[in-house]
Amino acid sequence: RLISENRPFYFLFIDLDNFKYINDTIGHYAGDIILKTVANRCSAVKNPEAVVSRNGGDEFTIIIPDRKGLSIDDYVDKYMDEISRDIYLADANIHYSISACIGVSHFPQQATELDDIINYADTAMYEAKRAGKKKVMLFNKSMADQSIHDKSIEELIKRGLAENRFYMVYQPQYETSSHKLRGFESLIRLKNEDGNIISPGEFIPVAEKGSLILQIDDYVLRRAMREFKDIVGKNHDLTVSVNVSAKNIGNDKFVGKLQQILEEVDFSPYNLEVE
């Protein structure tokens with residue numbers, strides 16, 4: 001309605017910090033209490049024109065109509081202060097400190113289409129996450145350029161996995177005392193369609209944002225084990241070291257998946273090191 005009436009507004013995209021940790025360690029009942037508490041606190045901020053909603057998971061959105069004299073900074077601070085107050089979880093008998101990151105976009109200053117307004121606020125929120133906990137970011141043009149760049153890298157990763165464009169290089173590791181070779185660290189690399197190498201520093205952070213990093217981890221584990229199977233079979237003391245995302249290691253299913261890959265490749269767990 002605001003868009004159809006060409007009435008300016010701010011769009012806030014809110015994501016709670018470490019919400020998965022709450023569910024995993026305290027329990028889903030605690031997560032539900034926190035979600036309800038955050039919803040109530042956002043709704044309690046005195047702003048009769050605002051529309052507060054839950055986007056899903058631990059994400060909330062707030063629409064604030066822009067008007068003469070309105071300070072979005074003041075309102076963002078109010079919402080952040082409300083969200084960040086401690087909450088007492090009676091069943092667990094603990095006081096838990098909530099925090100969140102907030103991304104902000106504006107209609108029509110930055111976008112006129114609803115999808116763009118939401119995506120821009122989401123992009124700003126991710127930039128806030130990168131800066132740490134309890135951060136606020138207002139969307140700007142450089143973020144749009146970064147968002148477009150990230151999308152192109154994301155597509156490159158998908159094609160790389162589908163078309164086997166990834167390859168491995170191995171860095172030798174030595175024991176400092178004896179200078180004896182102890183094994184190799186596996187490092188993943190990617191080439192684009194032109195054969196140019198894309199730096200891991202460019203594609204890994206993009207993959208980390210979503211689930212693509214999990215697919216990359218599986219690929220690296222399988223490939224490193226397959227390429228080193230014969231080598232460690234001849235030298236039982238050698239170790240192949242594989243970098244795995246913390247997002248993957250933190251997943252309850254990781255150990256079972258790792259065991260499955262070890263059995264599938266028939267690789268000795270003694271010769272595998274996970275970083």
Side-chain angles (χ1 to χ4, degrees), residues 1-20 22 31-87 97-152 154 205-206 208-210:
R1 181 171 56 80
L2 289 170
I3 292 173
S4 67
E5 296 173 1
N6 201 29
R7 291 175 57 197
F9 64 87
Y10 288 96
F11 189 93
L12 277 58
F13 202 110
I14 301 171
D15 187 271
L16 302 184
D17 296 324
N18 295 335
F19 185 72
K20 185 179 183 299
I22 297 165
D32 290 344
I33 291 170
I34 287 171
L35 289 175
K36 291 175 184 177
T37 301
V38 169
N40 288 331
R41 288 178 178 179
C42 287
S43 300
V45 172
K46 292 181 179 179
N47 186 0
E49 290 188 287
V51 179
V52 179
S53 65
R54 178 171 171 234
N55 191 49
D58 62 338
E59 296 174 344
F60 293 83
T61 61
I62 302 174
I63 296 169
I64 302 176
D66 194 5
R67 62 181 187 274
K68 188 176 180 179
L70 182 138
S71 170
I72 191 60
D73 292 339
D74 289 346
Y75 269 112
V76 169
D77 288 344
K78 287 178 183 178
Y79 284 110
M80 186 69 88
D81 289 343
E82 279 296 317
I83 293 170
S84 302
R85 288 190 288 112
D86 283 2
I87 179 173
S97 178
I98 306 173
S99 66
C101 285
I102 303 177
V104 184
S105 63
H106 186 274
F107 167 86
Q109 186 176 320
Q110 293 161 336
T112 56
E113 298 292 329
L114 180 60
D115 284 348
D116 290 337
I117 295 162
I118 296 171
N119 288 337
Y120 286 178
D122 188 27
T123 298
M125 182 274 293
Y126 271 108
E127 286 298 315
K129 286 275 186 189
R130 285 183 184 179
K133 296 177 184 177
K134 201 177 177 182
K135 299 291 184 182
V136 177
M137 288 283 179
L138 185 64
F139 182 82
N140 60 49
K141 175 78 167 53
S142 65
M143 291 181 193
D145 295 340
Q146 184 64 45
S147 180
I148 293 168
H149 173 265
D150 286 356
K151 283 291 180 186
S152 67
E154 190 176 300
V206 174
E208 286 272 9
K209 284 184 178 180

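Just so you know, these numbers use all the heavy atoms, side chains as well, and skip hydrogens, waters and symmetry mates.
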(request) Could you check if a side-chain atom of Pro8 sits within less than 4.5 angstrom of a side-chain atom of Gln109, using non-hydrogen atoms only? (result) no
(request) Measure the spacing between CD1 of Ile118 and CZ of Phe13 and express it to the nearest 0.5 Å. (result) 8.0 Å
(message) Is any side-chain heavy atom of Ile3 closer than 4.5 Å to one of Ile117?
(response) yes
(request) Please round to the nearest 0.5 Å and tell me the distance separating atom CD1 of Ile87 and atom CZ of Arg41. (result) 5.5 Å
(message) When you compare the side chain of Met143 with that of Tyr120, does any pair of heavy atoms fall below 4.5 Å?
(response) no
(message) Check this for me: Glu113, atom CD, are more than 12 non-hydrogen atoms of other residues, nucleotides or ligands nearer than 6.0 Å?
(response) no
(request) Working to the nearest 0.5 Å, report the span between CG of Asp122 and CD of Glu59. (result) 6.5 Å
(request) Applying side chain to side chain contact (heavy atoms under 4.5 Å, CB included), run through Lys135 and Arg130 and close with a yes or a no. (result) CA-CA 9 Å; Lys135 299 291 184 182; Arg130 285 183 184 179; over 6 Å; no
(message) Looking at every non-hydrogen atom in both residues, tell me the closest pair between Leu35 and Asp58 and how far apart they are.
(response) CD2-CA, 3.9 Å
(request) Using only heavy-atom distances, determine whether the side chains of Asn55 and Thr61 contain a donor-acceptor pair under 3.5 Å. (result) no
(request) Work out which heavy atom in Ala100 is nearest to a heavy atom in Ile83; give both atom names and the distance. (result) CB-CG2, 4.1 Å
(message) Can you give me the closest heavy-atom contact between Ile14 and Cys42, atom names plus distance?
(response) CD1-SG, 4.5 Å
(request) Kindly compute the distance separating CG (Leu114) from CG (Leu2), expressed to the nearest 0.5 Å. (result) 10.5 Å
(message) Measuring only between side-chain heavy atoms, which start at C-beta, is Asn47 closer than 4.5 Å to Val52?
(response) no
(request) For residues Ala50 and Tyr79, report the shortest heavy-atom separation together with the two atoms involved. (result) CB-OH, 3.6 Å
(message) Ring-plane angle category for Phe9 and Phe107, please: parallel below 30°, perpendicular beyond 60°, tilted otherwise.
(response) parallel
(request) Determine the minimum heavy-atom distance between Ser84 and Ser99, stating which atoms define it. (result) OG-CA, 4.3 Å
(request) Nearest 0.5 Å please: distance from the CD1 atom of Ile22 over to the CG atom of Leu16. (result) 7.0 Å
(message) Less than 4.5 Å apart, side chain to side chain, heavy atoms only: is that true for Leu70 and Tyr10?
(response) yes
(message) Looking at every non-hydrogen atom in both residues, tell me the closest pair between Cys101 and Gly132 and how far apart they are.
(response) SG-O, 3.2 Å
(message) For a 4.5 angstrom cut-off between non-hydrogen side-chain atoms, does Ile34 reach Val38?
(response) yes
(message) Can you tell me how far apart CE (Met125) and CZ (Phe139) are? Round to the nearest 0.5 Å.
(response) 13.5 Å
(request) Could you walk me through whether Ser142 and Asn140 pass side-chain hydrogen bond (donor to acceptor under 3.5 Å, both in side chains), step by step? (result) CA-CA 6 Å; Ser142 65; Asn140 60 49; 2.5 Å; yes
(message) What I'd like to find out is whether the side chain of Arg85 reaches to under 4.5 Å of the side chain of Thr37, using heavy atoms alone.
(response) no
(message) For Arg1, is there any backbone N or O sitting under 3.5 Å from a side-chain donor or acceptor partner on Ser4?
(response) yes
(request) Assess Lys129 against Tyr126: is NZ or CZ under 6.0 Å from the centre of the six-membered ring, and within 45 degrees of the ring's axis? (result) no
(message) Do Pro108 and Gln110 have side chains that approach each other closer than 4.5 Å (heavy atoms only, starting at C-beta)?
(response) no
